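Fair warning: this is a prediction, and the values are worked out from it, not measured in the lab.
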Amino acid sequence: MAASPASGFVNKLRAHLELLDPVTWISVFPGLACGAMASGSMQATPHDFLILLAVFLMYGPLGTGFSQSVNDYFDLELDMVNEPTRPIPSGRLTKKEALLNCIVVLLLAIGIGIYVGLDTGGVRGMVIMGMIFSALFVAYIYSAPPLKLKKNIFASAPSVGFSYGFVTFLSGNALFSDIRPEIVWLAALNFFMAVALIILNDFKSVEGDREGGLKSLPVMIGSRNTFLVAFAIIDAVFAVLAWLSFTWGFTVPMVLVILGLAMNVYIQAQLLLDPKGGISFMQGAVDDGFGNAIGKSDVQEHNSFLRFQVANNVLFLVNNLIIAGMIGIKYMQA
């Protein structure tokens with residue numbers, strides 16, 4: 001039976017939404033929340049909540065959505081190997097429809113960025129506009145030729161770290177106060193954490209990357225060495241966060257960060273011993289608890305990374321929120 005016009009429209013709408021990859025949107029919220037909390041100046045008013053929501057829409061469904069849709073637009077050949085069920089390679093969207101998707105979300109993100117920047121005003125408003133414009137530009141050159149930063153891990157991971165783990169902290173902070181020096185430290189640490197996780201996420205596309213000539217770290221040095229490099233960055237981030245907590249006078253958060261580091265090192269050791277099947281006890285969390293948020297994989301090393309990601313992200317996020325809250329309390333008292 002032929003599909004009705006209504007069902008055809010709904011299916012097309014679903015394909016456009018899938019192109020924006022909704023599971024990635026929430027990744028920007030922790031940075032915005034930490035930045036707002038660390039300001040110590042956000043008020044429980046409709047305006048402050050609405051402006052924070054606007055910035056989440058700007059970075060999440062629109063900004064992150066743009067990065068996902070433009071990536072799919074330029075990576076049709078790779079996705080036919082790595083992810084053939086995505087909207088474009090599966091034929092549910094044409095390339096012209098995907099391009100329209102990119103343009104619409106890009107213009108909406110720019111529009112909200114200009115509005116929020118003007119509403120905030122001054123240097124803080126310029127910071128917000130500068131951050132979103134920079135993130136959108138990096139998202140474009142990450143996937144688009146001739147630069148196509150994703151071709152090389154030394155450019156791709158930092159560009160994603162900047163767009164996901166740095167600009168959101170500064171933007172959330174600038175909404176309500178001058179940029180706190182502590183939030184710059186947290187933004188930098190989240191940049192490096194994002195770099196490490198992006199390195200590990202490349203396990204999912206090793207086959208297509210190798211065929212397409214993309215120099216991801218798993219392609220260049222293998223799975224165990226890739227785990228080793230990423231874990232070294234992650235552990236350094238936890239160590240610096242513990243040291244910063246100590247220098248800022250946050251004793252309890254320092255202890256929590258050290259405990260988190262110890263737990264991470266234990267989990268990492270299991271993965272280094274068995275990159276394909278390590279920490280299998282976490283598989284239930286991926287399948288039943290966080291599967292819809294972080295995805296699933298048939299690549300064994302990538303599935304190991306997903307298990308690690310659940311534990312690492314919870315530990316790191318909780319510590320970030322606690323420390324950001326204590327920074328905000330310090331400025332409120334001052």
Can you tell if the side chain of [X] reaches within under 4.5 Å of the side chain of [Y], non-hydrogen atoms only?
X    : Y    : answer
E97  : H16  : yes
N225 : V229 : no
L241 : F316 : yes
T120 : F176 : no
L200 : T226 : yes
S69  : C102 : yes
N190 : F166 : no
T168 : Y164 : no

Rounded distance [0.5 Å steps], [atom1] in [X] versus [atom2] in [Y]:
X    : Y    : atom1 : atom2 : result
S67  : L20  : OG    : CG    : 9.5 Å
F66  : L106 : CZ    : CG    : 4.5 Å
L53  : F29  : CG    : CZ    : 9.0 Å
L19  : L100 : CG    : CG    : 11.0 Å
R224 : L273 : CZ    : CG    : 7.5 Å
I258 : S245 : CD1   : OG    : 8.5 Å

Are [X] and [Y] in one and the same hydrophobic cluster, where Ile, Leu, Val, Met, Phe, Trp and Tyr link if side-chain heavy atoms are under 4.5 Å apart?
X    : Y    : result
M37  : L186 : no
L99  : L107 : yes
I323 : L259 : no
V314 : M193 : yes
I103 : I88  : no

Can you give me the closest heavy-atom contact between [X] and [Y], atom names plus distance?
X    : Y    : result
I198 : A157 : CG2-CA, 4.0 Å
G113 : M58  : CA-SD, 3.3 Å
A38  : I327 : O-CG2, 3.7 Å
P30  : L317 : CB-CD1, 3.4 Å
C34  : L321 : SG-CD2, 3.7 Å
S171 : Y59  : OG-OH, 2.6 Å

Are the side chain of [X] and the backbone of [Y] linked by a donor-acceptor contact shorter than 3.5 Å?
X    : Y    : result
R92  : T85  : yes
D48  : Q43  : yes
S90  : P87  : yes
S163 : V160 : no
N173 : I183 : no

Check the surroundings of atom [atom1] in [X]: do more than 12 heavy atoms from other residues, nucleotides or ligands lie under 6.0 Å from it?
X    : atom1 : value
Y73  : OH    : yes
F250 : CZ    : yes
W248 : CH2   : yes
M220 : CE    : yes

Yes or no on side chain to side chain contact (heavy atoms under 4.5 Å, CB included) for T45 and L50, after CA distance, side-chain angles and deciding distance?
-> CA-CA 9 Å; T45 62; L50 287 174; over 6 Å; no
Enumerate the residue pairs fulfilling side-chain hydrogen bond (donor to acceptor under 3.5 Å, both in side chains) with a member in residues 31-42, sequence neighbours excluded, ordered by first and then second residue.
-> none
Does a side chain donor of either E182 or Y331 reach within less than 3.5 Å of an acceptor in the other side chain?
-> yes
Assess the side chains of D235 and N264: does a donor N or O sit below 3.5 Å from an acceptor N or O?
-> no
Could you go through the side chain to side chain contact (heavy atoms under 4.5 Å, CB included) check for L13 and L17 one step at a time?
-> CA-CA 6 Å; L13 193 61; L17 186 63; 6.0 Å; no
Return the set of residues passing side-chain hydrogen bond (donor to acceptor under 3.5 Å, both in side chains) with R124 (not counting sequence neighbours), or none when no residue passes.
-> none
Answer yes if the ring centres of F308 and F231 are under 6.0 angstrom apart, and no otherwise.
-> yes
List, one per line, each side-chain donor-acceptor pair under 3.5 Å for residues 128-148, sequence neighbours excluded.
from, atom 1, to, atom 2, distance (Å)
S134, OG, G130, O, 2.7
S143, OG, N71, OD1, 3.0
K148, NZ, D75, OD1, 2.9
K148, NZ, S143, O, 2.8

Test side chain to side chain contact (heavy atoms under 4.5 Å, CB included) applied to F238 and N319, step by step = CA-CA 10 Å; F238 270 87; N319 282 307; 4.3 Å; yes
Ion pair present between D79 and R86, side-chain N to carboxylate O less than 4.0 angstrom?
-> no
Could you go through the side chain to side chain contact (heavy atoms under 4.5 Å, CB included) check for F227 and I199 one step at a time?
-> CA-CA 9 Å; F227 273 123; I199 288 173; over 6 Å; no
